[in-house]
Amino acid sequence: MKQVTCAKCIACGAETDATPDVGLCPKCGGVMDIRYDYAYIRRSINRQILENRKVFSMWRYREFLPVPASVSFPKLRVGWSPLYRADTLAARLGVRTLYIKDDGLNPTASLKDRASAMAVAKATEAQAGIIACSSTGNAASSLAGNAAAAGFETYIFVPGRAPKSKVAQLLMFGAHVISVQGTYEETFELSRAAIARYGWYNRNAAINPYLIEGKKTVAFEIAEQLGWEMPDYIAISVGDGCTIAGLWKGLTDLYQAGLVDRLPKLLSVQAAGCCPINRSFESGEPMEPMAEDTIADSIAVGVPRNPDKALRAIRESQGAAVDVSDGDMLEAMRLLGAYSGVFAEPAGAAGTAGVKKALETGVVPHAATVVSVVTGNGLKDADNARKAAGEPISIPPDMDLLVKALGHIAVPTKPSA
Ligand SMILES: *Cc1c(COP(=O)(O)O)cnc(C)c1O
């Protein structure tokens with residue numbers, strides 16, 4: 001793996017070998033970061049080489065990824081999700097140019113597949129037998145699916161409040177599921193203790209530094225899909241903080257490898273009822289835990305485990321923090337659906353809700369080019385989709401009643417011959 005140099009602690013700077021089972025810093029317990037030799041990467045690829053590749057998945061960018069050539073890539077097709085130019089929605093929101101990156105189209109329907117595919121590749125390299133994690137839902141179902149395709153057993157800890165469709169999804173992928181009657185924080189702690197006790201491969205994003213390396217592939221795709229022209233802003237929803245940190249890592253990787261010549265600002269979008277990272281960004285104070293009071297289960301993380309990388313990403317990009325209410329997210333779900341044909345779960349729509357709010361408050365200028373990442377598909381949370389969408393017209397099979405129900409629709413008159 002000539003592209004990788006080492007794993008380096010973001011707190012104390014200690015360096016270790018980038019072995020497949022790197023966890024927290026052995027010296028200070030800080031979060032590790034995988035480091036690359038950008039001079040080597042620069043020599044290995046350019047835009048042309050990438051554009052000519054026939055691999056249409058996250059593994060298209062293998063020079064930037066910490067996987068040795070001897071490890072075969074996991075089977076499910078993760079990544080290379082579409083980037084839609086959304087002119088109708090842009091007009092509704094009042095922004096000149098808007099793109100929607102629909103990561104809900106990944107195999108298990110969320111951006112988490114990028115991290116789980118990487119976890120499976122690293123577990124393969126580590127010759128692990130069992131992979132485990134705790135999750136608010138999507139990391140769990142993505143691990144279960146990607147592990148199932150690669151023949152691993154999984155043990156997965158979810159908080160009792162995880163939406164039923166997500167739990168059904170992971171049971172369907174054959175995972176051993178432990179539903180913990182407690183908060184996400186308590187769920188995480190139990191999984192951590194169990195992983196230590198049983199020696200499972202750890203897919204917890206706040207501990208395993210490789211997961212961000214999977215998530216960063218979303219940035220490579222956005223850049224290539226935009227012809228290497230960076231947008232002014234990228235909006236993304238934030239829970240634990242690994243996704244936005246991964247997005248930023250990918251963007252800076254591209255910059256360091258000379259593939260793009262400027263960087264966008266990041267909009268960190270959190271639920272107003274659970275926004276500890278945004279609060280810390282705004283106040284400059286150390287992060288304080290918050291309650292998990294939002295319908296957006298995927299970003300309801302009261303004690304983020306990775307705030308430092310996330311905070312650094314927002315600051316270094318000269319970005320902004322935007323908090324959105326549950327009502328804002330339900331509205332963004334309707335707007336995405338009705339004006340761009342993209343179906344998002346509440347956390348998936350949070351980025352778009354954040355764009356709307358940032359335009360209204362003047363944080364983002366109307367002349368900007370904005371990418372909003374939809375991080376999870378609406379079918380994952382049918383209850384909230386029903387809440388956002390309302391009820392259909394319900395009538396007995398009768399034409400008169402239909403005409404009455406559709407009363408406001410004008411009937412076209414036949415053109416006279
Ligand atoms: C996990 C997740 C996020 C946030 O990612 P973090 O790494 O926890 O910040 C956003 N949206 C969806 C749909 C997710 O599943």
Side-chain angles (χ1 to χ4, degrees), residues 31 81 101-106 108-116 118-119 133-143 145 158-159 162-163 165-166 169-170 184-185 187-188 203-209 211-216 218 234-250 266-271 274-278 281 287 292 294-314 321 324 329 332-333 336 342-354 372-381 384-385:
V31 179
S81 62
K101 175 74 171 161
D102 188 5
D103 245 46
L105 291 185
N106 275 306
T108 79
S110 84
L111 186 146
K112 295 286 193 303
D113 279 336
R114 298 177 186 273
S116 291
M118 180 60 73
C133 76
S134 71
S135 162
T136 56
N138 286 337
S141 46
S142 77
L143 174 61
V158 292
S165 351
K166 293 187 183 179
Q169 205 185 7
L170 52 118
Y184 178 60
E185 171 65 6
T187 308
F188 179 88
R203 186 246 176 261
N204 280 329
I207 291 176
N208 184 331
L211 301 175
I212 274 186
E213 302 303 311
K215 285 182 171 179
K216 76 184 183 183
V218 73
I234 302 181
I236 196 151
S237 55
V238 173
D240 227 354
C242 300
T243 303
I244 194 168
L247 173 63
W248 185 241
K249 178 97 183 256
L266 301 186
L267 289 184
S268 163
V269 186
Q270 291 208 283
C274 188
C275 53
I277 290 182
N278 280 359
F281 173 78
M287 199 195 66
E292 295 168 355
T294 171
I295 57 165
D297 66 289
S298 305
I299 51 170
V301 184
V303 187
R305 292 291 172 165
N306 212 349
D308 297 342
K309 282 186 179 177
L311 287 164
R312 200 174 59 180
I314 312 168
V324 295
M329 286 185 265
M333 285 167 71
L336 275 165
V342 171
F343 189 14
E345 64 166 278
T352 305
S372 181
V373 183
V374 169
T375 49
N377 191 280
L379 289 172
K380 282 186 167 268
D381 186 353
N384 276 313

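When a ligand or atom number is given, it counts from 1 through the structure's own listing order.
Here K166 pairs with D297, E345 under the salt bridge (charged side-chain N to carboxylate O under 4.0 Å, His left out) rule; sequence neighbours left out. With sequence neighbours excluded, the residues that form a salt bridge (charged side-chain N to carboxylate O under 4.0 Å, His left out) with D103 are R114. By the salt bridge (charged side-chain N to carboxylate O under 4.0 Å, His left out) test, K215 pairs with no residue at all, sequence neighbours left out.
The backbone N or O of L111 sits nowhere less than 3.5 Å from a side-chain atom of N138 that would complete a donor-acceptor pair. Checked by atom type and distance alone, the side chain of N204 pairs as donor or acceptor with a backbone atom of S134 at under 3.5 Å.
There is no side-chain donor-acceptor pair under 3.5 Å between T108 and S141.
Within 4.0 Å of ligand 1, protein heavy atoms belong to K112, N138, K215, S237, V238, G239, D240, G241, C242, T243, S298, I299, E345, A347, T375, G376, listed by chain and number.
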